[in-house]
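Since the structure comes first, as C-alpha cells, the remarks are kept for the end.
Only heavy atoms go into these numbers, but all of them, side chains included; no hydrogens, no water, no symmetry mates. Order of listing sets the numbers, starting from 1, for every ligand and every atom in it.
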Amino acid sequence: MISKDLRAASREIRSLLHTAQKPLIVAHIRPDGDAIASTLGLGLCLADAGKQCQMVLPDGIPARFKFLEGSRNIRNRMEPGYDLVIALDCSDQKRLGEDLSGIPVDINIDHHITNEHFAKFNLVLPEEPATAAILTRYLPEWGFPLTPAVANALLTGIVTDTIGFRTSNVSPDSLRQTAALIEAGANLSDVYENALTYQSYAASLLWGLALSRLQKEGKLAWTSITMEDRKKAGYSGRDDADLTNQLSAIENLNIVILFNEQNDCKIKVSWRSHSGIDVSKIAQRFGGGGHPPAAGAEIKGNLNEVEDMVLTVTKKYLKAQKSKGEN
Ligand code: 5GP
Ligand code: MN
C-alpha cells in the first residue's frame, strides 16, 4: 500500500516531468549500475517525450555499462539552462559530487533507507530493490512508455543492484516488474553478461592485487584497492571494479569491507553483511549510508588510519550485535 504522502509526491512529480522542457538528471558519484540505468531510463523517456534532457554523472561510467543505448549522451559536467533537477539513487545531496551538491533539487527518487529527503518532492521507497524498479513502476503510470531501450536500461539497474536477483529484497513484485521489462523488449541474458559477468582484463588484474592482501579475523574479512594497484593494473576508474560483490560471496562471514583509496586523501569504504547485520548503521557513523546489507561511506584520511578506525568500530559493532543476540 502506497501512503498518501507518496501518492501526492508522485502526482507532483508526474506534472513536473511533463511541464519541464530542459530537465537535468543526476545520480550519485562513482555511479553503480542502478545509478547509471536509472539516469538512462528516465533520460531516454524524457528525450522520447521531446524534452532537451541533460544526463550528468561527474565520474563518467564504467566500460561495462557502455553497451546501453544512450550511454554516450551522459556528460561529466552540467550546462546551465536547465529548468528541473532530478536526483536518482542518491541518499544525500553531498553524494551528487562537488558541482551538484549545492544546487536546489526538485525531485529525489531513491530506494535507500538512509535517504535524507533533500528535494522539494521525494519519492523514496526503501522496500524496492533498485531505483530502476521504482521507475519501472512509475514511468508508465506517469504516461511515459517503456521502449526497448528504456526497458533494457531499467533491467540493468535491477539486475546489478540485486547482484543477479540474489539479494533478500527481491520480491515476487520485483520479478513481475522484471517480466514486464522483458515483455517491453529488454534482453535479460545480454544485460546479465554485459553488466554482471564480463570483466575487463584490467579489472581482473586489479582484483588479483587487492585479493592478495585479503585478511580475516573471526567472521570479518577485509582488503583494499590502492592507487598503486590501479596504476599497476591499468584500471582507470575510481570505482571498485565490482570487487565488493565478489567479497560478499565469501561464505561463513558476517561482514566484509573493501577500502578503496581515492586520489583526494579520501578512502571509499564499502561494507557488506550477512545474517541480518545492519551495516548501514556503521556507515552512517562515518557520514555515509546505504542499505542494511550493503552500505558505504567516504572517509577523509590515509589508508592505514581509515582502516584502523573502521575496523575498530566494525569489530565493536559486531561484538555488540553478538551479545544482543545472546541475551
Ligand atoms: P557501495 O559500497 O557499493 O558503494 O554502496 C553500497 C550502498 O551504500 C549503495 O546503496 C550506495 O548507494 C550506498 N553508499 C555508498 N557510499 C555511500 C556514501 O558515501 N554515502 C551514502 N549516503 N550512501 C553510500
Ligand atoms: Mn540503487
Residue and atom name of the nearest protein heavy atom (relative to atom 22 (N) of ligand 1), distance in Å to one decimal: Ser91 OG, 2.8 Å
Interfacing atoms of ligand 1 (cut-off 4.0 Å, heavy-atom, Glu298): 19 (O)
Enumerated ligand 1 atoms positioned under 4.0 Å from heavy atoms of Asp92: 21 (C), 22 (N)
Closest protein heavy atom to atom 19 (O) of ligand 1, given as residue, atom name and distance to 0.1 Å: Ala297 CA, 3.4 Å
The Mn ion (ligand 2) to Asp89: nearest N/O/S atom name: OD1
Derivation of the salt bridge (charged side-chain N to carboxylate O under 4.0 Å, His left out) call for Glu217 and Lys315: CA-CA 9 Å; Glu217 210 180 291; Lys315 284 176 199 168; 3.2 Å; yes
Short side-chain to backbone donor-acceptor contact, Ser174 and Val170, under 3.5 Å: no
Residue Asp34 atom name (nearest to the Mn ion (ligand 2); N/O/S): OD2
Residue selection (non-hydrogen contact nearest atom 7 (C) of ligand 1) among Gly289, Ala294, Ala27: Ala294
Nearest-option assignment for atom 11 (C) of ligand 1, heavy atoms, candidates His111, Arg95, His28: Arg95
Proximal atoms of ligand 1 relative to Gly290 (non-hydrogen, under 4.0 Å): 8 (O), 13 (C), 23 (N)
Qualifying residue for salt bridge (Lys or Arg N to Asp or Glu O under 4.0 Å) with Asp59, from Arg30, Arg238, Arg95, Lys268: Arg238
Atom NZ of Lys319 with >12 non-hydrogen neighbours under 6.0 angstrom: no
Residue selection (non-hydrogen contact nearest atom 9 (C) of ligand 1) among Arg30, His112, Lys268: His112
Contacting atoms of ligand 1, where contact means under 4.0 angstrom from a heavy atom of Ala295: 2 (O), 6 (C), 7 (C), 8 (O)
Which residue and heavy atom of the protein sit nearest atom 2 (O) of ligand 1, plus the separation: Ser270 OG, 2.6 Å
Other residues, nucleotides, ligands: >12 heavy atoms within 6.0 Å of Gln52 CD: no
Nitrogen or oxygen of His291 less than 3.5 angstrom from that of ligand 1: yes
Ring geometry between His112 and His291 (parallel below 30°, tilted from 30 to 60°, perpendicular above 60°): parallel
Atom 6 (C) of ligand 1: the protein heavy-atom neighbour that sits closest, reported with distance to 0.1 Å: Arg272 NH1, 3.6 Å
Residue Glu69 excluded, over 12 heavy atoms near CD under 6.0 Å: no
Proximal heteroatom of Asp161 relative to the Mn ion (ligand 2) (N/O/S): OD2
Which N, O or S atom of His111 lies nearest to the Mn ion (ligand 2), by name: NE2
Verdict with supporting geometry, Lys281 and Asp278, salt bridge (charged side-chain N to carboxylate O under 4.0 Å, His left out): CA-CA 6 Å; Lys281 296 245 166 65; Asp278 183 355; 3.3 Å; yes
Donor-acceptor pair between His111 and Asp89 side chains, under 3.5 angstrom: yes
Any side-chain donor near an acceptor of the partner, Ser10 and Trp142, under 3.5 Å: yes
